[in-house]
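First the proteins, then the strands, lettered A, B, ... as listed; each starts at 1. Just so you know, these numbers come straight off a predicted model, no measurement behind them.
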There are 2 protein chains.
Amino acid sequence: MPKRSAARSGPGSARMRDVALRAGVSTMTVSRALKEPGKVSPEMRERVLRAVRETGYLPNHLAGSLSSNRSTTVGLIVPSIDNSIYTQTVKSLSEVLKHSGFQLMIAESGYDPNEEEELITVFLGHRVSGLVLHSTEHRPEAVEKIRNAGVPVVETGNIPDRPLDMVVSYSNRDAAYAMTMHLGRLGYRRIAFASLYSVHNDRSKDRLQGYADALKELGQDYDPRLVVETERGYAAGAEVVARIVQTVPEVDALFCAGDVLAVGALFECGKRGWAVPGRIAIASFDDVDLLRHVSPSVTTLRLPRHDIGQRAARLLISRVIDGAEHLRGSVVDLKFEVIQREST
Amino acid sequence: MPKRSAARSGPGSARMRDVALRAGVSTMTVSRALKEPGKVSPEMRERVLRAVRETGYLPNHLAGSLSSNRSTTVGLIVPSIDNSIYTQTVKSLSEVLKHSGFQLMIAESGYDPNEEEELITVFLGHRVSGLVLHSTEHRPEAVEKIRNAGVPVVETGNIPDRPLDMVVSYSNRDAAYAMTMHLGRLGYRRIAFASLYSVHNDRSKDRLQGYADALKELGQDYDPRLVVETERGYAAGAEVVARIVQTVPEVDALFCAGDVLAVGALFECGKRGWAVPGRIAIASFDDVDLLRHVSPSVTTLRLPRHDIGQRAARLLISRVIDGAEHLRGSVVDLKFEVIQREST
DNA sequence: TTGTAGGCGTTATCAT
DNA sequence: ATGATAACGCCTACAA
C-alpha cells in the first residue's frame with residue numbers, strides 16, 4: 001500500500017509534480033525552469049513560474065539535496081555562542097553564505113573536543129557541504145570522520161601547526177607577541193599577562209607563548225608570578241589586577257588576553273584610584289567597541305573578525321560550488337593591528 | 001544507466017544498505033536497531049551496531065527526513081546576529097534543541113520584513129520542524145506561507161496583539177512602563193527617554209508606549225523634547241545625553257531603552273563631570289553584565305533572555321515530537337525585574 | 001528544448 | 001522479531 005493515501009490538499013502540499021501537472025509539462029521542465037532558467041524557453045519559464053505561484057509550491061531542499069548529492073548547508077561550531085568575539089565572524093560568515101544560497105547550521109561545543117566530535121557527526125549526518133570550526137584541537141575520531149566524509153573544512157580560531165584542511169585566522173601567538181613587544185617598546189619593564197584557562201584552548205596557549213617569546217626578545221625575565229590564568233568576566237579581570245599588584249608591586253603593565261578581562265581590570269583600577277597608565281598600564285585583546293569608549297580608552301589588538309567570516313565563507317563556497325580543489329589546505333594568515341590608546 | 005557506477009569506496013561511503021549486507025540483515029532491521037532499539041532483539045542490535053562501527057556508517061538525515069516526513073532542524077531568525085541581547089536566547093535555545101536531537105539553522109533579517117520573508121521561505125524549503133522568530137512584525141505573505149506549511153512557530157521578541165502561533169517573551173511595553181514608574185517613584189520629575197529607531201521594530205514602539213503610559217500614570221507631561229530615537233552604539237548614547245541636557249536643562253533622569261546607549265550616556269556624564277545620579281540619573285534596559293561593573297553601577301531591567309530560549313525550545317519540541325496541539329497559540333508572558341543600582 | 005526512466009538513502013506499511 | 005516493497009520529492013543521465 002502506498003505510503004501516502006492519495007489526493008493531497010493539506011498543509012505543505014504542493015510538490016513539483018503538482019506544478020508540472022498544472023503547467024502541463026514534465027517535472028524536469030519545472031526543475032529546469034527553477035534552477036537553470038537559461039535552459040528553457042522564456043514562455044515555458046513564464047508558464048512554470050505561474051503554476052508555481054498558483055500552487056504555492058515550495059521546493060523541497062531535502063529531496064533536492066538527496067537526489068543531487070549536494071546540500072546547501074554549512075555547519076559552524078563555536079566554543080560558546082554567547083561570546084561577543086564570535087558574533088562578528090558568525091555574522092559575516094552567514095551573510096556571505098546566504099548570498100550564495102547556503103544556510104548556516106550552528107552549534108556550540110563548550111570548549112569540549114568530545115562535544116565537538118559529537119556535533120561534527122551530527123552535521124555530517126545532515127550532509128553539510130562544509131564545516132567551519134573555531135577550535136583547532138580535535139579528537140582523532142573527528143578528524144577521521146571529516147576525512148572520510150570528504151567535506152571541506154575551515155578552521156578559524158588560530159593558525160594550527162597541522163591544519164585539518166583550510167585555515168582562515170590570525171595567529172594568536174603573533175598577536176600576543178606584537179602587543180607584548182609594543183608594551184616593551186613603550187618602556188614597560190614588568191609586564192603581567194592574564195589569559196583565560198588554556199585547557200583545550202590552544203588560542204590561550206599560543207597567546208601565552210607569544211607573550212613569553214616577546215619577553216625573551218625584550219630581554220626581560222619570565223616571572224611566573226606575573227602570569228595568571230583565570231575564568232571569564234569583569235569580576236575576574238578586577239581580581240587579577242588586584243592580585244598582581246599585591247603580589248608583584250613593581251608590575252607596571254597588565255596585558256589581558258581578553259577584552260572583558262581588560263575592562264574588568266580597568267574598572268578595578270578606577271575604583272582603587274590607581275592611575276592608568278600611571279600606576280599600571282592596561283592592554284587588551286580584540287577591538288570591541290567598548291574599549292574605545294571607556295576612560296582611559298584601552299590599547300588593544302584589532303583582529304580581523306569580520307574578514308575571517310567572509311573569507312572562510314568564500315573559500316568554502318569556492319570549494320563546494322566551483323570545485324576549486326587547488327584551495328584544499330589553503331592557509332590564510334590574516335593581519336592584525338596594535339591600536340595604541342590612552343591606557344598604555 | 002544507473003546514476004552511480006556500481007561499487008563504492010570513496011568518501012562519504014557507507015549507506016544503510018552496506019551495513020545491512022555486512023550484518024546479514026535487511027535495511028529495516030538496521031533502521032530499527034538504530035532508531036527503535038527496543039524493537040529488535042539484543043543480539044541483533046549488537047550485530048548491527050558492530051556492522052555500523054566497522055563500516056563507519058553515518059545515517060543520512062536528508063534521506064531519513066524525506067522518507068519520514070519529519071526533520072530535525074529548527075529555523076531561527078534574529079534581526080541582528082551580532083547583538084549581544086540575542087546571544088543568551090540563542091544559546092539556551094540551541095542547548096535545549098540539541099538535547100532533543102534538533103539542529104539550529106540561524107539567519108539574520110536585518111530588521112527587514114522582506115528579508116525575513118525570504119528567510120522563512122528558505123527555511124520552509126529546508127523543511128524545518130519549527131521556526132523561532134524574534135520579530136513580531138511579518139509580511140502577510142510570510143504569514144501565509146507559514147500557515148500553509150503547517151509549521152509551529154514561536155515569536156520571542158515581544159508579546160504581539162495578534163500572535164502568529166506561540167509566543168514566549170516579556171512585554172516590552174510593560175517593562176518600559178515598570179522602569180518609568182520606578183523612576184517616578186524615586187522622585188524624578190523630568191524623565192527623558194531614548195530608544196532605538198522604531199521603524200519595523202515593534203519592540204521599540206512598545207517601549208515608548210510603556211514610557212508614555214507611565215508618565216500619564218505619574219501625572220507627568222509627555223514632553224516630545226525628552227524623547228529621542230537614535231542609532232545603536234556608545235557614541236549614540238553619549239550624544240543623546242549631551243543633547244538632552246542642553247535642550248532641557250531641567251531633565252533629571254534618562255531612561256535608555258538599550259544597554260549600550262545607557263553605558264555610552266554614562267561615560268559621557270563621566271567625561272563632563274556630571275554626577276550620576278546627582279545631575280542626571282540613568283536607567284537601562286537589559287541586564288548585561290557590564291552594567292553591574294561600571295561606576296556608578298546602572299539601574300536596569302533584568303529580562304528573561306535565558307528562559308525565553310529554553311521555553312521556546314520546549315514548546316517547539318512538544319509540538320513536534322509529542323504533537324501537543326493543545327499548545328498551539330500558547331502565550332508565555334515571562335516576568336522581568338527592575339534592578340535598582342547606584343545610577344538612579 | 002523537452003521528456004522518460006530510474007535512482008538518491010531512508011522509512012512506512014504490510015506480511016511473515 | 002524481521003523482511004519485502006513501495007514510496008518520500010527531486011535530479012542525473014540519456015533519449016527524442
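In this structure, B/Arg17 places its CZ atom 11 Å from P of C/dT10, rounding to the nearest Å. Rounded to whole Å, atom P of D/dC8 lies 13 Å from atom CZ of B/Arg127. Protein atom CE of A/Met16 is 13 Å distant from nucleotide atom C1' of D/dT12, rounded to whole Å. Straight-line distance from the CD atom of B/Glu36 to the C1' atom of D/dT2: 13 Å, rounded to whole Å. Rounded to whole Å, atom P of C/dA12 lies 14 Å from atom CG of B/Leu34. Regarding B/Met44, its CE atom lies at a distance of 4 Å from the P atom of D/dT2, rounded to whole Å. Rounded to whole angstrom, the span from the CG atom of A/Asp18 across to the P atom of D/dC8 amounts to 11 Å. In this structure, B/Leu58 places its CG atom 14 Å from C1' of C/dT10, rounding to the nearest Å.
A close approach under 4.0 Å does not occur between any side-chain nitrogen or oxygen of A/Lys39 and OP1 or OP2 of C/dT2. For A/Ser41, a side-chain nitrogen or oxygen approaches OP1 or OP2 of C/dT2 to under 4.0 Å.
Within the 4.0 angstrom heavy-atom criterion, only backbone atoms of the sugar-phosphate kind lie near A/Arg70; the bases stay farther away. Across all strands shown, B/Asn69 has no heavy atoms under 4.0 Å from either base or sugar-phosphate atoms.
Side chain B/Ser67 to base C/dT10: a donor-acceptor pair is found below 3.5 Å.
You'll find the side chain of A/Val48 stays beyond 4.5 Å of the side chain of A/Val40, heavy atoms only.
In this structure, of D/dC10, D/dC8, C/dT1, it is D/dC8 that holds the atom nearest to the side chain of B/Leu66.
A pairwise comparison of heavy atoms in A/Arg22 and A/Ala51 identifies CG-CB, 3.9 Å as the closest pair.
Within residues 20-32 of chain A, the residues having any heavy atom under 4.0 Å from DNA chain C are, by residue number, A/Val25, A/Ser26, A/Met28, A/Thr29, A/Arg32.
Between the side chain of B/Arg139 and the backbone N or O of B/Pro113, no donor-acceptor pair lies under 3.5 Å.
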Donor-acceptor pairs under 3.5 angstrom involving side-chain atoms of residues 150-164 of chain A: please list them, not counting sequence neighbours.
unit_1	atom_1	unit_2	atom_2	d
A/Glu155	OE1	A/Leu164	N	2.9
A/Glu155	OE2	A/His138	NE2	2.7
A/Asn158	OD1	A/Asn172	N	3.3
A/Asn158	OD1	A/Asn172	ND2	3.0
A/Asn158	ND2	A/Asp202	OD2	3.3
A/Asn158	ND2	A/Asp206	OD2	2.8

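Test A/Arg319, A/Arg328, A/Arg147 against A/Asp165 for side chain to side chain donor-acceptor pair (under 3.5 Å) and you get one pass: A/Arg319. Only one option out of A/Glu141, A/Lys145, A/His126, A/Glu116 pairs with A/Thr121 in a side chain to side chain donor-acceptor pair (under 3.5 Å); it is A/Lys145.
A/Asn60 and A/Arg15 share no side-chain donor-acceptor pair at under 3.5 Å.
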